[in-house]
Enquirer: 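Take this structure first; my questions come after.
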There are 2 protein chains.
Amino acid sequence: METFPNIRKISANDFFMRTPTIRDVAQRAGVGVGTVSRVINGSPQVADGTRQKVLEAIAELGFSPNKAARQLSGGKTSTVGVITPFLTYPSFVERLAGIQDVLDHHDYDLVLYSIRHPQQTQRKLREIGAQVAVDGLIVLSFLLQTFTPEELRRMNLKLPLIAVDHDPQDYYPHIFIDNVAGGRMAAEYLIKKGHRKIGFVGHVIESAFENESGFTSSQRRFKGMKEMLLQSGLPLNEEWYRFGAPNEYSACEQALHILSLPNRPTAIFAAYDTLAFGVQAAIDKLRMKSPDDVAVIGFDDVKAASYMRLTTVNQQLFHSGELGAQYMLERLKTGSFKPDHWHVELALTVIERASA
Amino acid sequence: METFPNIRKISANDFFMRTPTIRDVAQRAGVGVGTVSRVINGSPQVADGTRQKVLEAIAELGFSPNKAARQLSGGKTSTVGVITPFLTYPSFVERLAGIQDVLDHHDYDLVLYSIRHPQQTQRKLREIGAQVAVDGLIVLSFLLQTFTPEELRRMNLKLPLIAVDHDPQDYYPHIFIDNVAGGRMAAEYLIKKGHRKIGFVGHVIESAFENESGFTSSQRRFKGMKEMLLQSGLPLNEEWYRFGAPNEYSACEQALHILSLPNRPTAIFAAYDTLAFGVQAAIDKLRMKSPDDVAVIGFDDVKAASYMRLTTVNQQLFHSGELGAQYMLERLKTGSFKPDHWHVELALTVIERASA
DNA sequence: AGTATATCTGGAAACGTTTCCATTGTCAAA
DNA sequence: TTTGACAATGGAAACGTTTCCAGATATACT
């Protein structure tokens, strides 16, 4: 009893428009499958006439190469993973949007991994690496910092990694900003505006949940501010500095406290825009007005900051995502990260709006 | 000259820990590949002893099945796509987070497609369908509404579809809310609080860019509000209704206008929470106070609404995403959507906070 | 014992690409 | 005319699973 391995080719199912394969295209164009593959992948090794025929066949059949097969054979997925904590924080979303934008323009897909607890990171990384479901991985914020270089080495990930919004270091490419310098800039701006009594509303780590690297960007920005105040011979007053959860409501409470002091500051630097919104709410509650009664400057330049007319320090959130994706794609194309892309610092700019 | 197709198996490369395949596991456990596959997929057709051996081998080798191969062979990707407009709107992000959460718990990956212009939708859908890179597609908001049922039929998508936040209709499963009823609820709440002069800040479609279905949820919520006012015998005053872009700044301007009228309303219903924040800003600017001078109620119950102490209409954003994902997974498992899941309305609730 | 039945297992074929090698055709130089 | 180099092409093998069928083993019943 002979078997007919090709029986599917003429089976009844095919009358219902089986999605076309490269073989169908080859047949239709009267060429071999190899040639079709070469056309699809833009190899120069194809005569113009042939290429034309193939392209026509592709169009007529509405063929589109099957990703899984492509990946299995070639080892490439045309997919980049993004792993992020706190999907709902506006700053992460903006970076994500930047990444998405670049990947989309290069016909790469974006797989989103979201982590609720840093402890999940390791498991997730292993999974991702083992399944080979993505060509590369963009890691947002501190997630990678939860590992020592040694741990990371032992995990022996084959995947190209790039970190966006990550402390400067030497172990993998990353894009970062100088938070301390940013803090200095914010303070400098306020000082130039004539303020001498400057407060701060920031974020403390309450648990290991938030950041295991020991420092939040809030702390660094605070440090920069203090440096600048000292350097300018201005008073540092511990009463004016308050820390809480990273949300508007908490910030509002901190600000209410600060602004109710008998000797209150004339300006407040909020570590994130989100906190600044809370500070603005407090100012409004107290029937004060910024910038006249109290000036407010934020940090991040989130989308909403422009609606809210918040003066803030821009850190190119969207662009950081774009760059991360761009460098990753280059890495995937050329096989290695450009040395210039290993350690990329983004410039900060004070954006003057209505609040300070 | 004989060839050795299996030469790779003993090539030098293997000393560098080639990622293990199902064959390696089979060998190590002393069983056939079929058995390993059955173990991985939880088939009951495996003796306990055998299963144990296989599981051990899997653990020892750190094996994890290759997604691409799995898909190519079985036709399944363990991946669900999400297609969304305006990635950066907070309400979309919350729905997305809900989807992500459910998928993650079921070991499904989430591929994110973002659309900048509704016209891209069709191309994107075709691409996604053709590449077979996802098992199903969750469509957010109005994107599918840009097609007539006829168009959609002609596109002949093989992919299971479910829409989240989509007008009720008959062509595919969807999860929705009754925006008109929501508008009525908001108005009713304000009326119960004693307000008789109620304003509205909403969103107009400025271009085809935003929504091609003819109605925004803002318009529907407005309709509901008017119905309720009429029904309660309260005055409708066109002066109190203003429409603009869907951002806080624009809403602030509209509210400033309304609240500066000689005969101003004592309460304002904002079509989205984002707009409500703008209204609150306006109230603060005018040195008024909610809820005493002007009450404000929003709609959506975005995360920030709770920080901002905004009274609003909750529409279960996160949960809508969870449900969409859940129903999709069920569809993928059982082969069809449950009839109950074809047309799912989510309940709305007024959340009383400090603003009204 | 012998037979029927149920359970468990091994392994080939198939999924749709890419890649590599062999073959053919073309053109220029000798 | 012959030779060599090179461009263009066809098609087999490989990628790592799942599925299906056949065979093996165990169990139950006569």
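Protein chains get the first letters and strands the later ones, always in sequence-line order, with residue 1 at the start of each. For clarity, every value in this text was computed on a predicted model and none was experimentally measured.
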Enquirer: Atom OG1 of Thr121(A) and atom CD1 of Ile83(A): how far apart are they, to the nearest 0.5 Å?
Expert: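 Rounded to the nearest 0.5 Å, the OG1-CD1 separation comes out at 5.5 Å.
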Enquirer: Quickly work out the Asp24(A) CG to dG16(C) P distance and round it to whole Å.
Expert: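 Roughly 9 Å, once rounded to whole Å.
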Enquirer: Tell me the interatomic distance from Asn66(A), atom CG, to dA14(C), atom C1', rounded to whole angstroms.
Expert: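 Taking CG of Asn66(A) and C1' of dA14(C), I get 13 Å after rounding.
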Enquirer: In B/S/- notation, 5' to 3', how is nucleotides 4-11 of chain D contacted by protein heavy atoms closer than 4.0 Å?
Expert: ----SBBB
Enquirer: Does some side-chain heavy atom of Leu112(A) sit less than 4.5 Å from a side-chain heavy atom of Leu96(B)?
Expert: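 Of all side-chain heavy-atom pairs linking Leu112(A) with Leu96(B), at least one is under 4.5 Å.
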Enquirer: Measure from CD1 on Ile22(B) to C1' on dA12(C) and round the result to the nearest Å.
Expert: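 Taking atom C1' of dA12(C) as the reference, CD1 of Ile22(B) is at 14 Å.
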Enquirer: Would you indicate, yes or no, if dT18(D) has its OP1 or OP2 atom less than 4.0 angstrom from a side-chain nitrogen or oxygen of Asn41(B)?
Expert: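 Yes, Asn41(B) has a side-chain N/O under 4.0 Å of OP1/OP2 on dT18(D).
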Enquirer: Quickly work out the Phe63(A) CZ to dG16(C) P distance and round it to whole Å.
Expert: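 Taking atom P of dG16(C) as the reference, CZ of Phe63(A) is at 10 Å.
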Enquirer: Round to a whole Å and report the spacing from NZ of Lys67(A) to C1' of dC15(D).
Expert: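 Going from NZ in Lys67(A) over to C1' in dC15(D) covers 18 Å.
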Enquirer: For Asp101(A), which residues count as a salt bridge (Lys or Arg N to Asp or Glu O under 4.0 Å) partner, sequence neighbours excluded?
Expert: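 So Asp101(A) forms a salt bridge (Lys or Arg N to Asp or Glu O under 4.0 Å) with Arg116(B).
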Enquirer: Is it true that Lys333(A) and Asp135(A) make a salt bridge, defined as a side-chain N closer than 4.0 Å to a carboxylate O?
Expert: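 Looking at Asp135(A) together with Lys333(A), the answer is no, because their closest N to O distance does not fall below 4.0 Å.
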Enquirer: How many whole angstroms separate atom CG of Leu72(A) from atom C1' of dT17(D)?
Expert: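 Atom CG in Leu72(A) sits about 8 Å away from atom C1' in dT17(D).
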Enquirer: Regarding Ser37(B), tell me which of base, sugar-phosphate or nothing describes its non-hydrogen contacts under 4.0 Å with the strands shown.
Expert: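 Contact class for Ser37(B): base.
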Enquirer: Take the angle between the ring planes of Tyr327(A) and His341(A) and call it parallel below 30°, perpendicular above 60°, tilted in between.
Expert: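 The arrangement is parallel - the two ring planes meet at less than 30°.
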Enquirer: Can you tell me how far P of dT17(D) sits from CD of Gln27(B), to the nearest Å?
Expert: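 Taking CD of Gln27(B) and P of dT17(D), I get 14 Å after rounding.
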Enquirer: Can you give each donor-acceptor pair under 3.5 Å made by side-chain atoms of residues 45-63 of chain B, sequence neighbours left out, with the distance rounded to 0.1 Å?
Expert:
from     : atom 1 : to       : atom 2 : distance (Å)
Arg51(B) : NH2    : Val46(B) : O      : 3.2
Glu60(B) : OE1    : Arg28(B) : NE     : 2.7
Glu60(B) : OE1    : Arg28(B) : NH2    : 2.8

Enquirer: Rounded to whole angstroms, how far apart are CZ on Arg70(B) and C1' on dC15(D)?
Expert: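 Nearest whole value for this atom pair: 16 Å.
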